[in-house]
Asker: 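Sharing a structure below in structure tokens format, with a few things to ask.
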Amino acid sequence: MGRFDTERKELIEVLRGKGITDETVLTAMSRVERHLFVDPMYINKAYDDNALPIGSQQTISQPFTVAFMTQALKLNKDMKVLEIGTGSGYQAAVLAMIGCRVFTIERHISLLNNARKIFDGLNLRIVAKGGDGTIGWTEHAPYDAIIVTAGAPNVPDSLVNQLKEGGRLAIPVGGRDAQQLVIGTMTNGILEKQIVEGFKFVPLIGKNGWN
Ligand code: SAM
């Protein structure tokens with residue numbers, strides 16, 4: 001048994017209890033060691049269902065939020081996914097564990113470098129770059145799914161335009177302090193939206209985000 005295996009199993013049961021049903025997501029989260037992605041200061045809290053500080057005034061998202069957003073994307077192996085807001089790298093690692101080809105963008109270079117080291121150590125299929133993710137990453141578009149892990153003032157057209165037909169988008173939209181989760185599906189060239197209330201993310205800062 002590895003360190004924190006019991007805690008990780010317990011977290012998966014907590015996520016089931018909160019309504020996560022997608023076994024693909026639960027299996028991936030049971031395999032990604034969240035304690036590798038948190039600040040060593042908080043290692044004993046790594047499997048609590050809470051967000052935690054990761055430096056640069058940013059956070060690793062709450063496991064329930066990671067599970068909920070990932071489930072909303074309805075992913076399969078080999079799908080191409082763009083993540084905006086690499087942060088600790090945990091969400092990207094969960095996507096890669098599902099078997100997706102992951103592209104991720106982070107605006108804080110220190111966070112990006114830290115996440116890259118973890119990705120390399122785990123041999124995960126993730127391509128990460130520094131920069132403003134609100135403009136997307138046209139070079140690898142179109143994507144089967146786009147996940148934005150910071151709160152935006154609205155849904156950027158730049159990201160919608162990089163989705164495949166049938167592709168899915170999950171993005172928190174609202175004020176700087178609280179947001180709704182917008183889950184979109186590209187249907188006949190138009191993004192059909194579903195709204196889920198009650199999310200709280202750090203702000204998405206960039207050309208098509210907050211100033
Ligand atoms: N997905 C992350 C994880 O698993 O740890 C959580 C990320 S944290 C809630 C949001 C991240 O989005 C922060 O690291 C922040 O620096 C980043 N961010 C904010 N605006 C951004 C932008 N325009 N482009 C790229 N990253 C951005």
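Atoms within a ligand are numbered from 1 in the order they appear, just like the ligands themselves.
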Asker: Looking only at atom types and distance, does a side-chain atom of T149 sit under 3.5 Å from a main-chain N or O of G85, one as donor and one as acceptor?
Answerer: yes
Asker: Tell me, which protein residue and heavy-atom name are nearest atom 6 (C) of ligand 1, and how many Å apart are they?
Answerer: T59 O, 3.4 Å
Asker: Once the angle between the rings of F68 and F199 is folded into 0 to 90°, is it parallel (under 30°), tilted (30 to 60°) or perpendicular (over 60°)?
Answerer: tilted
Asker: State plainly whether the residues D48 and R34 are in salt-bridge range, i.e. N to O under 4.0 Å.
Answerer: no
Asker: List ligand 1 atoms under 4.0 Å from I105, heavy atoms only on the residue side.
Answerer: 25 (C), 26 (N)
Asker: Can any side-chain N or O of R107 pair as donor or acceptor with the backbone N or O of G133 at less than 3.5 Å?
Answerer: no
Asker: List every atom of ligand 1 that sits less than 4.0 Å from any heavy atom of T134, numbering the atoms from 1 in the order shown and giving each element.
Answerer: 23 (N)
Asker: May I ask whether E83 places a heavy atom under 4.0 Å from ligand 1?
Answerer: yes
Asker: From atom 25 (C) of ligand 1, work out which of M69, H108, R107 has a heavy atom at the shortest distance.
Answerer: R107
Asker: Of the listed options (S61, G85, A51, P203), which comes nearest to atom 19 (C) of ligand 1 when hydrogens are ignored and any heavy atom counts?
Answerer: P203
Asker: How does V202 reach ligand 1, by side chain, by backbone, by both or by neither, if only non-hydrogen atoms under 4.0 Å count?
Answerer: side chain
Asker: Do the side chains of L73 and M69 get nearer than 4.5 Å, heavy atoms only?
Answerer: no
Asker: Heavy atom under 4.0 Å from ligand 1: found in Q91's side chain, backbone, both, or neither?
Answerer: both
Asker: Name the option, out of S88, G136, G55, that contains the heavy atom nearest to atom 5 (O) of ligand 1.
Answerer: S88
Asker: Say whether Q91 and T70, considering side chains only, have a donor N or O and an acceptor N or O under 3.5 Å apart.
Answerer: yes
Asker: Is there a side-chain contact between L52 and T59 (heavy atoms, below 4.5 Å)?
Answerer: no
Asker: Which one holds for T86 and ligand 1: side chain close, backbone close, both close, or neither close, with close meaning a heavy atom under 4.0 Å?
Answerer: backbone
Asker: Measure the distance from atom 16 (O) of ligand 1 to every protein heavy atom, then report the residue, atom name and distance (to 0.1 Å) of the closest one.
Answerer: E106 OE2, 2.6 Å
Asker: Would you confirm whether D49, through its side chain, and F64, through its main-chain N or O, come within 3.5 Å as a donor-acceptor pair?
Answerer: yes
Asker: Quick one: look up the protein heavy atom nearest atom 15 (C) of ligand 1 and list residue, atom name and how far away it is.
Answerer: Q58 OE1, 3.3 Å
Asker: Only heavy atoms of Y90, strictly under 4.0 Å: list the atoms of ligand 1 that pass.
Answerer: 4 (O)
Asker: Atom 20 (N) of ligand 1: which protein heavy atom is closest, and how many Å away?
Answerer: I205 N, 3.0 Å
Asker: Could you check K164, K74, R168, R101 and say which one makes a side chain to side chain donor-acceptor pair (under 3.5 Å) with D144?
Answerer: K164
Asker: Does this structure show an ion pair linking D5 with R8, if we count only N-O contacts that are shorter than 4.0 Å?
Answerer: yes
Asker: List every atom of ligand 1 that sits less than 4.0 Å from any heavy atom of I60, numbering the atoms from 1 in the order shown and giving each element.
Answerer: 5 (O)
Asker: Which atoms of ligand 1 are found less than 4.0 Å from any heavy atom of G133?
Answerer: 22 (C), 23 (N), 24 (N), 25 (C)
Asker: Without swapping roles, check the side chain of Q58 against the backbone of G87 for a donor-acceptor pair under 3.5 Å.
Answerer: no
Asker: Measure up the F37 and Y90 rings against each other and bin them: parallel (under 30°), tilted (30 to 60°), perpendicular (over 60°).
Answerer: perpendicular
Asker: With heavy-atom distances below 4.0 Å as the criterion, list the atoms of ligand 1 near G131.
Answerer: 24 (N), 25 (C)
Asker: Report the nearest protein non-hydrogen atom to atom 10 (C) of ligand 1: residue, atom name, distance rounded to 0.1 Å.
Answerer: T149 O, 3.2 Å
Asker: Near L111, which atoms of ligand 1 are under 4.0 Å from a heavy atom of that residue?
Answerer: 14 (O)
